[in-house]
There are 2 protein chains.
Amino acid sequence: MDQVEIFKALSNKTRLQILSWLKAPAENFPEQPNADFENIGVCVGQIQNKAGLSQSTISEYLSILQRADLVSATRVGQWTYYKRNKEGIEQLSKIINSEL
Amino acid sequence: MDQVEIFKALSNKTRLQILSWLKAPAENFPEQPNADFENIGVCVGQIQNKAGLSQSTISEYLSILQRADLVSATRVGQWTYYKRNKEGIEQLSKIINSEL
DNA sequence: AATGTATATCGACTTTTCCCGATATACCAA
DNA sequence: TTGGTATATCGGGAAAAGTCGATATACATT
């Protein structure tokens, strides 16, 4: 993964917010029926509601975060659940500590 | 300082390189007469030579990095020396560890 | 099979970023 | 004070990102 792409993914207020919401889903989202968001993540619709941007924009933002390895996605039925990707974020932390 | 501005500053290959060069100036730049770059930093011209972009572009890039608190500048005579800003980079590291 | 819901993708428009050359400013030396 | 060097700022054209509404796709329910 290109480092520049990681930082570009983070260069947007809404995407930063999404990432911080996904750090503590229970504090930031109402409960979901049939899906434990601590394990599987939060579905696109909930993130969209909270962010207040259009569905297409949020879907694209989530895929930008995913391409940067900052979140991961799981499809279950008609829903896609996104959650924070611990490894990717640790990787970023390492880049900063070793290269900058 | 706005977090988004910090990540924007890092969303560019050349600016990331500059920052990594400034982490170890002695390894990345030829000696400068009359200026210890470990203490005071590296002048714009040397950075420009190494980066291979225009003078105006590099000057602007350095000021973007400075506004993000990632580097600091010292003017001495006709030269401006830029160096890595340890505090700003530590701050960034903290943001990532605590908020993302 | 038909309809409804969740998400992804497309096309378009606007705003921002990239990067340049030209010019301005600051400082130094003769 | 004139000219030279280093850096900053300005104006602009091309490329990328932000964001939307419309449409496509995928799945579930009847």
Side-chain angles (χ1 to χ4, degrees), chain A residues 2-19 22 29-35 37 40-68 70-83, chain B residues 2-19 22 29-35 37 40-68 70-83:
Chain A
D2 184 6
Q3 292 179 200
V4 174
E5 291 305 313
I6 299 174
F7 290 117
K8 278 188 186 169
L10 296 169
S11 298
N12 176 282
K13 186 153 179 260
T14 302
R15 289 194 298 265
L16 278 180
Q17 284 178 324
I18 290 172
L19 228 36
L22 292 181
F29 298 96
E31 272 188 59
Q32 306 178 120
N34 312 325
F37 42 41
I40 197 174
V42 181
C43 72
V44 178
Q46 296 228 44
I47 297 170
Q48 194 218 322
N49 280 345
K50 179 129 181 162
L53 294 181
S54 74
Q55 188 273 320
S56 55
T57 297
I58 297 304
S59 177
E60 195 189 342
Y61 281 8
L62 288 167
S63 86
I64 290 171
L65 290 170
Q66 188 184 13
R67 278 198 298 279
L70 297 167
V71 302
S72 61
T74 312
R75 181 118 206 188
V76 178
Q78 29 193 173
W79 293 275
T80 307
Y81 297 92
Y82 284 89
K83 66 186 252 205
Chain B
D2 183 7
Q3 293 180 197
V4 174
E5 291 305 311
I6 299 175
F7 291 116
K8 279 189 185 170
L10 296 169
S11 298
N12 175 281
K13 187 155 177 259
T14 302
R15 290 194 297 265
L16 277 180
Q17 285 180 323
I18 291 172
L19 227 38
L22 292 180
F29 298 96
E31 273 189 58
Q32 306 179 119
N34 312 325
F37 42 40
I40 197 174
V42 181
C43 73
V44 179
Q46 297 226 44
I47 297 170
Q48 195 219 322
N49 281 343
K50 179 131 182 159
L53 293 182
S54 75
Q55 188 273 320
S56 56
T57 298
I58 297 304
S59 177
E60 194 189 342
Y61 281 8
L62 288 167
S63 87
I64 289 171
L65 290 170
Q66 186 183 17
R67 278 198 298 278
L70 297 167
V71 303
S72 62
T74 315
R75 180 120 207 186
V76 178
Q78 28 192 172
W79 293 274
T80 307
Y81 297 92
Y82 283 89
K83 65 185 251 202

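Predicted model, so just to flag it, every value in this text is computed and none were measured.
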* Backbone N or O of B:Glu5 within a donor-acceptor pair of the B:Arg67 side chain at under 3.5 Å? -> no
* Give a yes/no answer on whether the side chain of B:Tyr61 brings an N or O atom under 4.0 Å of OP1 or OP2 in C:dC20. => no
* **Spacing of CD belonging to A:Gln66 relative to CD belonging to A:Glu60, to within rounding of 0.5 Å** => 13.0 Å
* Spacing between A:Ile47 atom CD1 and C:dA8 atom C1', to the nearest angstrom -> 14 Å
* Asked: Rounded to whole angstrom units, what separation is found between the CD atom of A:Glu60 and the C1' atom of D:dG21?
  -> 14 Å
* Between C:dA8 (P) and A:Leu62 (CG): distance, integer Å -> 7 Å
* Answer yes or no: is there a donor N or O on one side and an acceptor on the other, between the side chain of B:Thr80 and the main chain of B:Arg75, under 3.5 Å? => no
* What integer distance in Å separates B:Ile64:CD1 from D:dT7:P? -> 18 Å
* Taking CD1 from A:Ile18 and P from D:dG18, how many angstroms apart are they, rounded to a whole number? -> 12 Å
* Write down the distance between NZ (A:Lys8) and C1' (D:dA15), rounded to a whole number of angstrom. => 10 Å
* **B:Leu53 CG - C:dC18 C1' separation (whole Å)** => 9 Å
* Across the strands shown, which category fits B:Thr14 at heavy-atom distances under 4.0 angstrom: base, sugar-phosphate, nothing? -> nothing
* Do the side-chain N and O atoms of A:Ser56 and A:Ser59 include a donor-acceptor pair separated by under 3.5 angstrom? -> no
* To do: Could you encode protein contacts along nucleotides 21-30 of chain C as a string, one character per nucleotide from 5' to 3', using B for base contact, S for sugar-phosphate-only contact and - for no contact, with a heavy-atom cut-off of under 4.0 Å?
  => BB----BS--
* To do: Ignoring hydrogens and angles, tell me if any N or O in the side chain of B:Arg15 forms a donor-acceptor pair with the backbone of B:Ala9 under 3.5 Å.
  => yes
* Which of these, A:Val42, A:Leu70, A:Ile47, sits in a side chain to side chain contact (heavy atoms under 4.5 Å, CB included) with A:Ile18? -> A:Ile47
* What is the distance from CG of A:Asn12 to C1' of D:dC20, rounded to the nearest Å? -> 15 Å
